[in-house]
Protein chains: 2
Amino acid sequence: MCKRTNPRGGRTGRPRSTEADTAILEATRAALVELGWSKLTMGDVAGRAGVAKTTLYRRWANKNELVVDAVAVLFDELELPDLGSLQADIEHVVLQFAALLERPETKTALMAVVAESTRDEPLRERIRASIVDRQKRLVLAGRERAQQRGELPDEHPVSTVAALDDLIFDVVAGAVVHRALVSAEPVDEPWAARLSALLLGGLGAAAAH
Amino acid sequence: MCKRTNPRGGRTGRPRSTEADTAILEATRAALVELGWSKLTMGDVAGRAGVAKTTLYRRWANKNELVVDAVAVLFDELELPDLGSLQADIEHVVLQFAALLERPETKTALMAVVAESTRDEPLRERIRASIVDRQKRLVLAGRERAQQRGELPDEHPVSTVAALDDLIFDVVAGAVVHRALVSAEPVDEPWAARLSALLLGGLGAAAAH
DNA sequence: GCCTTTCGCTACAGGTCGTAGCGTAACTCC
DNA sequence: GGAGTTACGCTACGACCTGTAGCGAAAGGC
(Lines give C-alpha, C1' and ligand atoms only; values in the text may rest on other atoms or scores of the structure.)
Protein backbone atom coordinates (compact mmCIF):
# COMPACT_ATOMS: atom_id res chain seq x y z
CA MET A 1 0.00 0.00 0.00
CA CYS A 2 2.07 2.84 1.35
CA LYS A 3 5.31 2.67 -0.59
CA ARG A 4 6.63 6.20 -0.14
CA THR A 5 9.73 5.09 1.68
CA ASN A 6 12.48 5.66 -0.88
CA PRO A 7 14.15 8.84 -2.20
CA ARG A 8 12.10 8.73 -5.40
CA GLY A 9 8.87 9.30 -3.54
CA GLY A 10 7.63 5.74 -3.41
CA ARG A 11 8.23 5.01 -7.08
CA THR A 12 9.43 1.51 -7.69
CA GLY A 13 10.56 -0.19 -10.89
CA ARG A 14 13.13 0.93 -13.43
CA PRO A 15 13.78 4.66 -13.22
CA ARG A 16 13.53 7.05 -16.15
CA SER A 17 16.78 7.48 -17.99
CA THR A 18 18.05 11.01 -17.45
CA GLU A 19 20.44 10.53 -20.37
CA ALA A 20 17.40 9.97 -22.56
CA ASP A 21 15.83 13.17 -21.20
CA THR A 22 18.78 15.36 -22.08
CA ALA A 23 19.38 13.57 -25.39
CA ILE A 24 15.77 14.16 -26.42
CA LEU A 25 15.82 17.85 -25.53
CA GLU A 26 19.12 18.31 -27.33
CA ALA A 27 17.81 16.45 -30.35
CA THR A 28 14.72 18.64 -30.31
CA ARG A 29 16.79 21.81 -30.44
CA ALA A 30 18.93 20.36 -33.21
CA ALA A 31 15.83 19.45 -35.18
CA LEU A 32 14.42 22.94 -34.67
CA VAL A 33 17.60 24.43 -36.10
CA GLU A 34 17.68 22.12 -39.10
CA LEU A 35 14.01 21.68 -39.89
CA GLY A 36 12.16 24.44 -38.12
CA TRP A 37 8.98 24.09 -36.12
CA SER A 38 6.62 22.94 -38.82
CA LYS A 39 8.78 20.17 -40.27
CA LEU A 40 9.89 18.83 -36.93
CA THR A 41 8.36 15.42 -36.20
CA MET A 42 8.37 13.23 -33.15
CA GLY A 43 9.84 10.34 -35.11
CA ASP A 44 12.71 12.49 -36.32
CA VAL A 45 13.54 13.68 -32.81
CA ALA A 46 13.46 10.11 -31.53
CA GLY A 47 15.86 9.04 -34.24
CA ARG A 48 18.31 11.86 -33.49
CA ALA A 49 18.20 11.12 -29.78
CA GLY A 50 18.79 7.40 -30.35
CA VAL A 51 15.57 6.67 -28.55
CA ALA A 52 12.34 4.88 -29.38
CA LYS A 53 9.38 7.03 -30.34
CA THR A 54 7.35 5.51 -27.53
CA THR A 55 9.88 6.86 -25.04
CA LEU A 56 9.08 10.38 -26.19
CA TYR A 57 5.37 9.91 -25.72
CA ARG A 58 5.92 8.58 -22.20
CA ARG A 59 7.41 11.96 -21.27
CA TRP A 60 5.58 14.50 -23.43
CA ALA A 61 2.04 14.31 -24.68
CA ASN A 62 2.76 16.13 -27.93
CA LYS A 63 5.17 18.22 -29.94
CA ASN A 64 4.12 21.48 -28.29
CA GLU A 65 5.07 20.53 -24.76
CA LEU A 66 8.30 18.93 -25.89
CA VAL A 67 9.40 22.05 -27.75
CA VAL A 68 8.51 24.32 -24.85
CA ASP A 69 10.71 22.31 -22.53
CA ALA A 70 13.49 22.13 -25.09
CA VAL A 71 13.55 25.89 -25.58
CA ALA A 72 12.85 26.92 -21.99
CA VAL A 73 16.33 26.10 -20.73
CA LEU A 74 17.80 28.64 -23.14
CA PHE A 75 16.06 31.35 -21.16
CA ASP A 76 18.21 30.52 -18.15
CA GLU A 77 20.91 32.62 -19.78
CA LEU A 78 18.93 35.79 -19.14
CA GLU A 79 20.48 37.87 -16.38
CA LEU A 80 20.31 41.40 -15.14
CA PRO A 81 23.71 42.59 -14.01
CA ASP A 82 23.82 45.98 -12.31
CA LEU A 83 25.23 48.32 -14.92
CA GLY A 84 24.75 51.43 -12.84
CA SER A 85 21.80 53.05 -14.57
CA LEU A 86 18.32 52.09 -15.62
CA GLN A 87 19.14 53.04 -19.19
CA ALA A 88 22.08 50.67 -19.31
CA ASP A 89 20.12 47.90 -17.62
CA ILE A 90 17.30 48.17 -20.13
CA GLU A 91 19.61 48.22 -23.12
CA HIS A 92 21.46 45.21 -21.84
CA VAL A 93 18.38 43.12 -21.26
CA VAL A 94 16.97 44.11 -24.64
CA LEU A 95 20.11 43.04 -26.45
CA GLN A 96 20.27 39.86 -24.44
CA PHE A 97 16.70 38.97 -25.27
CA ALA A 98 17.26 39.85 -28.90
CA ALA A 99 20.28 37.55 -29.06
CA LEU A 100 18.09 34.76 -27.79
CA LEU A 101 15.48 35.49 -30.44
CA GLU A 102 18.13 35.47 -33.14
CA ARG A 103 18.93 31.85 -32.46
CA PRO A 104 17.15 29.69 -35.01
CA GLU A 105 15.72 27.36 -32.34
CA THR A 106 13.90 30.07 -30.47
CA LYS A 107 13.07 32.12 -33.52
CA THR A 108 11.05 29.36 -35.10
CA ALA A 109 9.67 27.83 -31.91
CA LEU A 110 8.64 30.69 -29.68
CA MET A 111 5.94 32.22 -31.84
CA ALA A 112 4.69 28.80 -32.84
CA VAL A 113 4.06 27.56 -29.33
CA VAL A 114 2.50 30.86 -28.32
CA ALA A 115 0.19 30.55 -31.29
CA GLU A 116 -0.73 27.04 -30.22
CA SER A 117 -1.30 28.21 -26.68
CA THR A 118 -4.17 30.43 -27.76
CA ARG A 119 -6.23 27.24 -27.98
CA ASP A 120 -4.51 25.17 -25.30
CA GLU A 121 -4.74 26.46 -21.77
CA PRO A 122 -2.35 23.90 -20.18
CA LEU A 123 0.24 24.78 -22.80
CA ARG A 124 -0.16 28.48 -22.07
CA GLU A 125 0.41 27.78 -18.38
CA ARG A 126 3.49 25.73 -19.18
CA ILE A 127 4.90 28.57 -21.30
CA ARG A 128 4.11 31.11 -18.62
CA ALA A 129 5.79 29.11 -15.90
CA SER A 130 8.91 28.10 -17.78
CA ILE A 131 9.52 31.06 -20.10
CA VAL A 132 7.42 34.18 -19.52
CA ASP A 133 7.80 34.40 -15.77
CA ARG A 134 11.52 33.96 -16.12
CA GLN A 135 11.67 37.07 -18.31
CA LYS A 136 9.29 39.01 -16.14
CA ARG A 137 11.47 38.65 -13.09
CA LEU A 138 14.06 40.77 -14.87
CA VAL A 139 11.56 43.59 -15.26
CA LEU A 140 10.62 43.43 -11.61
CA ALA A 141 14.23 43.40 -10.49
CA GLY A 142 15.17 46.24 -12.82
CA ARG A 143 12.32 48.43 -11.66
CA GLU A 144 13.10 47.85 -7.99
CA ARG A 145 16.77 48.58 -8.52
CA ALA A 146 15.94 51.80 -10.33
CA GLN A 147 13.72 52.90 -7.48
CA GLN A 148 16.50 52.24 -5.00
CA ARG A 149 18.80 54.37 -7.14
CA GLY A 150 16.21 57.11 -7.08
CA GLU A 151 15.73 56.98 -10.84
CA LEU A 152 12.05 56.25 -10.38
CA PRO A 153 9.65 57.60 -7.78
CA ASP A 154 8.20 55.33 -5.11
CA GLU A 155 4.64 54.49 -5.97
CA HIS A 156 2.56 53.62 -3.00
CA PRO A 157 -0.42 51.54 -4.13
CA VAL A 158 0.77 48.03 -4.78
CA SER A 159 -1.77 47.60 -7.56
CA THR A 160 -0.25 50.51 -9.47
CA VAL A 161 3.24 49.06 -9.20
CA ALA A 162 2.09 45.69 -10.52
CA ALA A 163 0.27 47.35 -13.41
CA LEU A 164 3.40 49.32 -14.25
CA ASP A 165 5.52 46.19 -14.20
CA ASP A 166 3.04 44.49 -16.49
CA LEU A 167 3.06 47.43 -18.86
CA ILE A 168 6.83 47.70 -19.02
CA PHE A 169 7.14 43.99 -19.57
CA ASP A 170 4.68 43.91 -22.44
CA VAL A 171 6.22 46.98 -24.03
CA VAL A 172 9.82 45.79 -23.85
CA ALA A 173 9.30 42.13 -24.68
CA GLY A 174 6.61 42.91 -27.23
CA ALA A 175 8.69 45.53 -28.99
CA VAL A 176 11.72 43.27 -29.24
CA VAL A 177 9.73 40.32 -30.51
CA HIS A 178 7.85 42.46 -33.00
CA ARG A 179 11.00 44.09 -34.25
CA ALA A 180 12.83 40.79 -34.62
CA LEU A 181 10.11 38.53 -35.96
CA VAL A 182 7.46 40.71 -37.59
CA SER A 183 9.42 43.66 -38.90
CA ALA A 184 12.43 41.37 -39.34
CA GLU A 185 14.86 44.18 -38.67
CA PRO A 186 17.98 43.90 -36.53
CA VAL A 187 17.75 44.61 -32.82
CA ASP A 188 21.11 46.35 -32.48
CA GLU A 189 22.63 48.87 -30.10
CA PRO A 190 21.18 51.98 -31.80
CA TRP A 191 17.69 50.55 -31.72
CA ALA A 192 18.03 49.38 -28.13
CA ALA A 193 19.23 52.85 -27.20
CA ARG A 194 16.24 54.48 -28.87
CA LEU A 195 13.82 52.10 -27.18
CA SER A 196 15.28 52.58 -23.73
CA ALA A 197 15.36 56.35 -24.23
CA LEU A 198 11.70 56.31 -25.18
CA LEU A 199 10.86 54.19 -22.18
CA LEU A 200 12.90 56.27 -19.74
CA GLY A 201 11.30 59.43 -21.04
CA GLY A 202 7.87 57.96 -20.56
CA LEU A 203 8.60 56.77 -17.05
CA GLY A 204 10.12 60.11 -16.17
CA ALA A 205 7.14 62.03 -17.51
CA ALA A 206 4.80 59.83 -15.50
CA ALA A 207 6.86 60.68 -12.44
CA ALA A 208 6.35 64.39 -13.05
CA HIS A 209 2.71 64.05 -12.03
CA MET B 1 1.53 33.75 -80.22
CA CYS B 2 0.61 37.17 -79.00
CA LYS B 3 -2.85 36.82 -77.47
CA ARG B 4 -2.97 39.87 -75.21
CA THR B 5 -5.95 41.40 -76.89
CA ASN B 6 -8.77 40.89 -74.37
CA PRO B 7 -9.65 42.60 -71.08
CA ARG B 8 -8.19 39.76 -69.02
CA GLY B 9 -4.70 40.47 -70.28
CA GLY B 10 -4.50 37.80 -72.92
CA ARG B 11 -5.82 35.00 -70.74
CA THR B 12 -8.10 32.65 -72.61
CA GLY B 13 -10.11 29.67 -71.41
CA ARG B 14 -12.51 29.34 -68.52
CA PRO B 15 -11.97 32.09 -65.94
CA ARG B 16 -11.44 31.50 -62.25
CA SER B 17 -14.64 31.45 -60.27
CA THR B 18 -14.72 34.48 -57.99
CA GLU B 19 -17.52 32.84 -56.03
CA ALA B 20 -15.12 30.02 -55.25
CA ASP B 21 -12.52 32.56 -54.12
CA THR B 22 -14.77 34.22 -51.61
CA ALA B 23 -16.32 30.94 -50.50
CA ILE B 24 -12.88 29.50 -49.80
CA LEU B 25 -11.71 32.51 -47.81
CA GLU B 26 -14.94 32.55 -45.82
CA ALA B 27 -14.66 28.83 -45.18
CA THR B 28 -11.08 29.33 -44.05
CA ARG B 29 -12.10 31.92 -41.48
CA ALA B 30 -14.93 29.69 -40.28
CA ALA B 31 -12.54 26.77 -39.95
CA LEU B 32 -10.10 28.94 -38.01
CA VAL B 33 -12.84 29.87 -35.57
CA GLU B 34 -14.01 26.30 -35.08
CA LEU B 35 -10.79 24.33 -35.30
CA GLY B 36 -7.97 26.80 -34.82
CA TRP B 37 -4.80 26.97 -36.85
CA SER B 38 -3.29 23.60 -36.09
CA LYS B 39 -6.36 21.49 -36.75
CA LEU B 40 -7.37 23.32 -39.89
CA THR B 41 -6.87 21.15 -42.97
CA MET B 42 -7.12 21.90 -46.65
CA GLY B 43 -9.64 19.14 -47.12
CA ASP B 44 -11.87 20.55 -44.43
CA VAL B 45 -11.78 24.02 -45.94
CA ALA B 46 -12.59 22.62 -49.36
CA GLY B 47 -15.57 20.75 -47.94
CA ARG B 48 -16.92 23.84 -46.17
CA ALA B 49 -16.53 25.93 -49.30
CA GLY B 50 -18.28 23.33 -51.44
CA VAL B 51 -15.21 23.12 -53.63
CA ALA B 52 -12.81 20.41 -54.69
CA LYS B 53 -9.52 20.21 -52.86
CA THR B 54 -7.66 20.58 -56.14
CA THR B 55 -9.30 23.96 -56.61
CA LEU B 56 -7.65 25.20 -53.42
CA TYR B 57 -4.23 24.07 -54.56
CA ARG B 58 -4.67 25.86 -57.87
CA ARG B 59 -4.91 29.13 -55.96
CA TRP B 60 -2.73 28.70 -52.89
CA ALA B 61 0.41 26.64 -52.60
CA ASN B 62 -0.18 25.76 -48.95
CA LYS B 63 -2.12 26.42 -45.79
CA ASN B 64 0.07 29.36 -44.78
CA GLU B 65 -0.65 31.51 -47.79
CA LEU B 66 -4.33 30.66 -47.72
CA VAL B 67 -4.68 31.70 -44.11
CA VAL B 68 -2.77 34.92 -44.64
CA ASP B 69 -5.14 35.93 -47.40
CA ALA B 70 -8.18 34.87 -45.38
CA VAL B 71 -7.16 36.96 -42.40
CA ALA B 72 -5.70 39.93 -44.25
CA VAL B 73 -9.07 41.37 -45.27
CA LEU B 74 -10.00 41.75 -41.60
CA PHE B 75 -7.28 44.34 -41.31
CA ASP B 76 -9.16 46.59 -43.70
CA GLU B 77 -11.27 47.64 -40.73
CA LEU B 78 -8.34 49.50 -39.19
CA GLU B 79 -8.81 53.24 -39.45
CA LEU B 80 -7.38 56.34 -37.85
CA PRO B 81 -10.10 58.95 -37.32
CA ASP B 82 -8.93 62.35 -36.13
CA LEU B 83 -9.89 62.43 -32.46
CA GLY B 84 -8.20 65.74 -31.79
CA SER B 85 -5.16 64.66 -29.83
CA LEU B 86 -2.31 62.22 -30.23
CA GLN B 87 -3.25 60.56 -26.97
CA ALA B 88 -6.79 59.87 -28.16
CA ASP B 89 -5.56 58.69 -31.55
CA ILE B 90 -3.15 56.21 -29.99
CA GLU B 91 -5.71 54.85 -27.55
CA HIS B 92 -8.20 54.40 -30.34
CA VAL B 93 -5.87 52.51 -32.63
CA VAL B 94 -4.67 50.35 -29.76
CA LEU B 95 -8.20 49.33 -28.83
CA GLN B 96 -9.06 48.77 -32.47
CA PHE B 97 -6.06 46.52 -32.98
CA ALA B 98 -6.83 44.70 -29.75
CA ALA B 99 -10.40 44.05 -30.85
CA LEU B 100 -9.03 42.49 -34.01
CA LEU B 101 -6.69 40.28 -31.98
CA GLU B 102 -9.55 39.19 -29.76
CA ARG B 103 -11.32 37.60 -32.69
CA PRO B 104 -10.65 33.86 -32.68
CA GLU B 105 -9.67 33.82 -36.35
CA THR B 106 -6.86 36.32 -35.99
CA LYS B 107 -5.86 35.22 -32.48
CA THR B 108 -5.02 31.71 -33.62
CA ALA B 109 -3.75 32.56 -37.10
CA LEU B 110 -1.60 35.65 -36.77
CA MET B 111 1.12 34.29 -34.54
CA ALA B 112 1.13 31.00 -36.40
CA VAL B 113 1.80 32.50 -39.81
CA VAL B 114 4.43 34.85 -38.40
CA ALA B 115 6.12 31.83 -36.84
CA GLU B 116 6.06 30.07 -40.19
CA SER B 117 7.40 33.16 -41.91
CA THR B 118 10.67 32.93 -39.97
CA ARG B 119 11.59 30.09 -42.33
CA ASP B 120 9.68 31.19 -45.42
CA GLU B 121 10.77 34.43 -47.01
CA PRO B 122 7.96 34.65 -49.59
CA LEU B 123 5.43 34.16 -46.82
CA ARG B 124 7.04 36.91 -44.78
CA GLU B 125 6.77 39.23 -47.75
CA ARG B 126 3.13 38.30 -48.24
CA ILE B 127 2.38 39.06 -44.59
CA ARG B 128 4.26 42.34 -44.79
CA ALA B 129 2.42 43.49 -47.86
CA SER B 130 -1.08 42.46 -46.85
CA ILE B 131 -1.06 42.92 -43.07
CA VAL B 132 1.94 44.68 -41.56
CA ASP B 133 2.17 47.58 -43.97
CA ARG B 134 -1.53 48.18 -43.54
CA GLN B 135 -1.00 48.69 -39.82
CA LYS B 136 2.12 50.71 -40.26
CA ARG B 137 0.36 53.30 -42.37
CA LEU B 138 -1.67 54.20 -39.29
CA VAL B 139 1.49 54.98 -37.36
CA LEU B 140 2.80 57.15 -40.14
CA ALA B 141 -0.46 59.05 -40.48
CA GLY B 142 -0.78 59.51 -36.72
CA ARG B 143 2.74 60.82 -36.35
CA GLU B 144 2.32 63.29 -39.22
CA ARG B 145 -0.98 64.51 -37.85
CA ALA B 146 0.54 65.03 -34.41
CA GLN B 147 3.34 67.07 -35.93
CA GLN B 148 0.84 69.26 -37.74
CA ARG B 149 -0.97 69.82 -34.45
CA GLY B 150 2.35 70.80 -32.90
CA GLU B 151 2.27 67.92 -30.45
CA LEU B 152 5.57 66.64 -31.77
CA PRO B 153 8.60 68.60 -32.93
CA ASP B 154 9.61 68.61 -36.59
CA GLU B 155 12.58 66.38 -37.08
CA HIS B 156 14.70 67.27 -40.03
CA PRO B 157 16.70 64.23 -41.08
CA VAL B 158 14.42 61.88 -42.94
CA SER B 159 16.31 58.88 -41.64
CA THR B 160 15.51 59.85 -38.06
CA VAL B 161 11.83 60.20 -38.82
CA ALA B 162 11.69 56.78 -40.42
CA ALA B 163 13.53 55.24 -37.47
CA LEU B 164 11.07 56.86 -35.09
CA ASP B 165 8.12 55.54 -37.05
CA ASP B 166 9.63 52.08 -36.98
CA LEU B 167 10.20 52.28 -33.26
CA ILE B 168 6.71 53.51 -32.45
CA PHE B 169 5.22 50.83 -34.65
CA ASP B 170 7.14 48.00 -33.03
CA VAL B 171 6.41 49.33 -29.56
CA VAL B 172 2.68 49.80 -30.04
CA ALA B 173 1.94 46.71 -32.12
CA GLY B 174 4.37 44.58 -30.16
CA ALA B 175 2.99 45.64 -26.80
CA VAL B 176 -0.59 44.97 -27.83
CA VAL B 177 0.22 41.58 -29.30
CA HIS B 178 2.32 40.61 -26.30
CA ARG B 179 -0.33 41.73 -23.85
CA ALA B 180 -3.11 39.92 -25.69
CA LEU B 181 -1.41 36.69 -26.70
CA VAL B 182 1.53 36.13 -24.38
CA SER B 183 0.41 37.69 -21.13
CA ALA B 184 -3.17 36.82 -22.04
CA GLU B 185 -4.52 39.84 -20.22
CA PRO B 186 -7.27 42.13 -21.50
CA VAL B 187 -6.34 45.13 -23.61
CA ASP B 188 -8.93 47.51 -22.18
CA GLU B 189 -9.27 51.27 -21.84
CA PRO B 190 -7.21 51.61 -18.68
CA TRP B 191 -4.33 49.68 -20.18
CA ALA B 192 -4.53 51.58 -23.47
CA ALA B 193 -4.48 54.82 -21.50
CA ARG B 194 -1.39 53.77 -19.58
CA LEU B 195 0.39 52.70 -22.76
CA SER B 196 -0.37 55.90 -24.62
CA ALA B 197 0.63 57.96 -21.60
CA LEU B 198 3.96 56.16 -21.45
CA LEU B 199 4.48 56.67 -25.15
CA LEU B 200 3.51 60.33 -25.11
CA GLY B 201 5.82 60.93 -22.18
CA GLY B 202 8.68 59.30 -24.01
CA LEU B 203 8.08 61.22 -27.20
CA GLY B 204 7.77 64.46 -25.24
CA ALA B 205 10.99 63.82 -23.35
CA ALA B 206 12.78 63.13 -26.61
CA ALA B 207 11.53 66.48 -27.86
CA ALA B 208 13.07 68.23 -24.87
CA HIS B 209 16.54 67.59 -26.25
C1' DG C 1 14.32 -13.68 -6.29
C1' DC C 2 9.95 -10.99 -6.97
C1' DC C 3 7.68 -6.98 -8.38
C1' DT C 4 7.34 -2.86 -10.90
C1' DT C 5 8.45 0.31 -14.34
C1' DT C 6 10.98 1.66 -18.41
C1' DC C 7 13.16 0.46 -22.52
C1' DG C 8 13.55 -0.62 -27.71
C1' DC C 9 11.20 -2.67 -31.31
C1' DT C 10 7.51 -3.65 -34.49
C1' DA C 11 3.16 -3.08 -36.23
C1' DC C 12 -0.88 -0.68 -36.91
C1' DA C 13 -5.22 2.29 -37.91
C1' DG C 14 -6.38 6.91 -38.89
C1' DG C 15 -5.62 11.06 -40.90
C1' DT C 16 -3.33 14.64 -43.93
C1' DC C 17 -0.63 16.17 -47.89
C1' DG C 18 -0.06 17.21 -52.48
C1' DT C 19 -0.43 15.29 -57.14
C1' DA C 20 -2.18 12.88 -61.28
C1' DG C 21 -5.65 11.66 -64.47
C1' DC C 22 -10.12 11.91 -66.21
C1' DG C 23 -14.31 13.87 -68.32
C1' DT C 24 -16.95 18.06 -68.22
C1' DA C 25 -17.96 23.12 -68.04
C1' DA C 26 -17.02 27.94 -69.26
C1' DC C 27 -15.07 31.38 -71.89
C1' DT C 28 -12.27 33.65 -76.01
C1' DC C 29 -10.87 34.04 -80.50
C1' DC C 30 -11.48 33.28 -85.31
C1' DG D 1 -20.69 28.12 -84.37
C1' DG D 2 -16.42 25.60 -83.99
C1' DA D 3 -11.62 25.30 -82.16
C1' DG D 4 -8.64 26.09 -78.60
C1' DT D 5 -7.68 26.92 -73.80
C1' DT D 6 -8.31 26.95 -69.08
C1' DA D 7 -10.94 25.83 -64.72
C1' DC D 8 -13.75 22.60 -62.43
C1' DG D 9 -15.26 18.34 -59.64
C1' DC D 10 -14.19 13.82 -58.82
C1' DT D 11 -11.46 9.79 -57.69
C1' DA D 12 -7.47 7.58 -56.58
C1' DC D 13 -3.04 7.33 -54.91
C1' DG D 14 1.77 7.14 -52.48
C1' DA D 15 4.12 9.28 -48.97
C1' DC D 16 4.26 10.84 -44.57
C1' DC D 17 3.04 11.74 -39.56
C1' DT D 18 0.34 10.66 -35.45
C1' DG D 19 -0.46 8.21 -31.34
C1' DT D 20 -1.24 3.58 -29.49
C1' DA D 21 -0.73 -1.42 -28.56
C1' DG D 22 1.79 -5.53 -27.66
C1' DC D 23 5.97 -7.88 -26.93
C1' DG D 24 10.33 -9.48 -24.58
C1' DA D 25 14.25 -7.58 -22.23
C1' DA D 26 16.56 -4.44 -18.96
C1' DA D 27 17.06 -1.92 -14.55
C1' DG D 28 15.99 -0.66 -10.37
C1' DG D 29 13.57 -1.35 -5.24
C1' DC D 30 12.17 -4.50 -1.52
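Numbered from 1 within each chain, the chains take letters A, B, ... in sequence-line order.
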Exercise. Examine D/dC8: is either OP1 or OP2 under 4.0 Å from a nitrogen or oxygen in the side chain of B/Arg59? Give yes or no.
Key: yes
Practice problem: Would you indicate, yes or no, if C/dC7 has its OP1 or OP2 atom less than 4.0 angstrom from a side-chain nitrogen or oxygen of A/Arg58? | Solution: yes
Specify the separation, in whole Å, of atom [atom1] of [X] and atom [atom2] of [N].
X       : N      : atom1 : atom2 : value
B/Glu19 : D/dA7  : CD    : P     : 16 Å
B/Glu65 : C/dG18 : CD    : C1'   : 14 Å
A/Leu66 : D/dT18 : CG    : P     : 11 Å
A/Lys39 : C/dT16 : NZ    : C1'   : 16 Å
A/Leu56 : C/dC9  : CG    : C1'   : 15 Å
A/Asp21 : C/dC7  : CG    : P     : 8 Å

Exercise. Kindly write out the residues that satisfy side chain to side chain contact (heavy atoms under 4.5 Å, CB included) with B/Val171, not counting sequence neighbours, or none if the list is empty.
Key: A/Val171, A/Ala175, A/Leu195, A/Leu198, B/Leu167, B/Leu199
Self-check item: Separation between CZ of A/Phe75 and CD1 of A/Ile131, rounded to the nearest 0.5 Å
Solution: 5.0 Å
Quiz item: Going by heavy atoms in the side chains, are B/Val68 and B/Ser130 under 4.5 Å from each other?
Solution: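 Yes - at least one pair of side-chain heavy atoms lies under 4.5 Å apart.
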Exercise. Going by the side chain to side chain contact (heavy atoms under 4.5 Å, CB included) test, name the single residue among B/Leu66, B/Val71, B/Asp69, B/Val33 that passes it with B/Thr28.
Key: B/Leu66
Quiz item: Is the side chain of B/Asp170 donor-acceptor paired with the backbone N or O of B/Ala173 at a distance under 3.5 Å, no angle test?
Solution: no
Quiz prompt | Under 3.5 Å donor-acceptor, B/Thr108 side chain and B/Glu105 backbone | solution =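 No.
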Below 3.5 Å between N/O atoms, which protein atoms pair up with nucleotides 19-21 of chain D? Just atom names and distances, please.
{"unit_1": "D/dG19", "atom_1": "OP2", "unit_2": "A/Tyr57", "atom_2": "OH", "d": "3.0"}
{"unit_1": "D/dG19", "atom_1": "N7", "unit_2": "A/Lys53", "atom_2": "NZ", "d": "3.2"}
{"unit_1": "D/dG19", "atom_1": "O6", "unit_2": "A/Lys53", "atom_2": "NZ", "d": "3.0"}

Practice problem: Return the nearest nucleotide to the side chain of B/Arg14; candidates are D/dA7, D/dG28, D/dC10. | Solution: D/dA7
Exercise. Measure from the side chain of B/Thr12, starting at C-beta and using heavy atoms only, and say which of D/dG4, C/dT6, D/dC8 lies closest.
Key: D/dG4
